[in-house]
**Q** 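The structure follows.
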Amino acid sequence: MKEARAAAVLARVRTIPEGYVTTYGDVSPGAPRFAGAVLSDCDDPDVPWQRVVRADGSLAKGERQRRLLEREGVPFRGARVDMREAWAPPQG
DNA sequence: CGGATGACGCAGT
DNA sequence: TACTGCGCCATCC
């Protein structure tokens with residue numbers, strides 16, 4: 001059932017602590033593009049989609065997303081997230 | 001069942 | 001370090 005993979009992705013996204021971020025590859029190993037499709041379709045307010053960024057720290061939703069992250073205290077390095085400091089693997 | 005699509009990732013240049 | 005092109009994999013049509 002396709003919902004299972006989507007649910008797994010969402011479950012991991014919910015584990016990302018405030019002030020930290022993770023990557024698409026982390027929430028959906030082997031199929032990072034799938035993670036994006038799920039978040040794009042998901043509108044659940046309990047899912048902190050803004051904490052999911054690209055592996056290089058760049059954002060998918062641009063300034064809109066950047067604002068939310070800075071508000072949570074996520075460190076930035078120019079236009080991208082400072083992965084060195086803000087990266088946190090799913091489920092701890 | 002074949003082909004196109006995408007909130008990606010990585011190696012090369 | 002920034003830009004470009006190709007590969008991957010689950011879905012969708």
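Note that the structure is predicted; figures quoted are calculated from it, not measured. The sequence lines fix the lettering, A, B, ..., with proteins before strands; numbering per chain opens at 1.
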**Q** Taking the basic N atoms (NZ, or NE/NH1/NH2) and the acidic carboxylate oxygens, is any pair closer than 4.0 Å for A/Arg77 and A/Glu85?
**A** no
**Q** Do the charged groups of A/Glu63 and A/Arg67 touch, with an N to O distance under 4.0 Å?
**A** no
**Q** Does the protein touch nucleotides 8-13 of chain B at the base, only the backbone, or not at all? Give it as B, S and - per nucleotide, heavy atoms under 4.0 Å.
**A** BSS---
**Q** So, for A/Val27 and A/Val13, which heavy atoms are closest and what is the spacing to 0.1 Å?
**A** CG1-CG2, 4.0 Å
**Q** State, to 0.1 Å, how close A/Pro32 and A/Tyr24 come at their nearest heavy-atom pair, and which atoms those are.
**A** O-CB, 3.8 Å
**Q** State whether A/Arg54 and A/Asp56 are salt-bridged, where the test is any N-O pair (Lys NZ or Arg NE/NH1/NH2 against Asp/Glu carboxylate O) under 4.0 Å.
**A** no
**Q** Could you check how far CH2 of A/Trp49 sits from P of B/dA7, rounded to whole Å?
**A** 13 Å
**Q** Roughly how many Å is it from CG in A/Leu39 to P in B/dG6, rounded to a whole number?
**A** 16 Å
**Q** Without decimals, in angstroms, what is the distance between A/Arg5 CZ and C/dC9 C1'?
**A** 10 Å
